[in-house]
Amino acid sequence: MFLVVPDPAYGLVAAPESSDDLTPVTEQSLAAQGFAWNSEIEAYTRQGDRDPAAVDGIAGMLRELGHYVFSVNKPLPRR
């Protein structure tokens, strides 16, 4: 399962629930879309991109790869 959400600090974030979600095909697909692994937050990030259409596009790509996805089109508040 993935959470796909825009973030003010990290751009577009695709966060896996566990390492089991990180299949080689999924990792290659995210890298091909310009994402890089951020070990600080244990998620893939793409800087400077918080557009709702981008959130929907990445969520759709992950669903096509067989993942369950939760997505939010506006940044979540910081705690």
Side-chain angles (χ1 to χ4, degrees):
M1 181 175 0
F2 274 84
L3 171 66
V4 179
V5 62
D7 183 271
Y10 297 105
L12 187 55
V13 176
E17 180 180 30
S18 74
S19 61
D20 293 338
D21 296 311
L22 297 176
T23 66
V25 171
T26 299
E27 291 180 307
Q28 291 170 0
S29 297
L30 287 167
Q33 294 294 318
F35 283 84
W37 181 252
N38 183 322
S39 59
E40 180 182 328
I41 62 170
E42 296 185 355
Y44 278 90
T45 62
R46 185 167 71 190
Q47 285 293 327
D49 190 358
R50 296 190 305 265
D51 180 50
V55 172
D56 291 341
I58 295 303
M61 178 197 75
L62 290 167
R63 286 185 184 106
E64 287 178 8
L65 293 174
H67 296 284
Y68 291 105
V69 179
F70 290 101
S71 61
V72 178
N73 282 327
K74 67 179 198 175
L76 298 174
R78 292 273 177 193
R79 292 184 180 218

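All values reported here derive from a predicted model rather than from experimental measurement.
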Give a yes or no answer on whether the side chain of T26 reaches the backbone of L22 with a donor-acceptor pair at less than 3.5 Å.
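Here the side-chain-to-backbone pair does not exist.
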
Do V4 and F70 belong to the same hydrophobic cluster, where Ile, Leu, Val, Met, Phe, Trp and Tyr are linked whenever their side-chain heavy atoms lie under 4.5 Å apart, directly or via other members?
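No; F70 is not reachable from V4 via cluster members.
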
Hydrophobic cluster membership, with links at side-chain heavy-atom distances under 4.5 Å among I/L/V/M/F/W/Y: are V13 and Y68 in one?
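In one cluster with V13: Y68, yes.
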
Results of side-chain contact (heavy atoms from CB on, under 4.5 Å) for [X] - residues two or more places apart only:
| X | answer |
| --- | --- |
| E42 | W37 |
| S19 | none |
| N38 | Y10, E40, I41, T45 |

Tell me, do F35 and L12 make a side-chain contact under 4.5 Å, heavy atoms counted?
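In short, these two side chains touch, coming nearer than 4.5 Å.
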
If a pair satisfies salt bridge (Lys or Arg N to Asp or Glu O under 4.0 Å) and one of its residues is in residues 13-32, list it, with sequence neighbours excluded.
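Listed once each, the pairs would be none.
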
Pairs under 3.5 angstrom only: tabulate donor-acceptor contacts from the side chains of residues 55-66 to other protein residues two or more places apart or in another chain.
residue, atom, partner, partner atom, Å
R63, NH2, V69, O, 3.1

Measure across R46 and A54 and return the closest heavy-atom pair with its distance rounded to 0.1 Å.
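Result for this residue pair: NH2-CB, 3.7 Å.
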
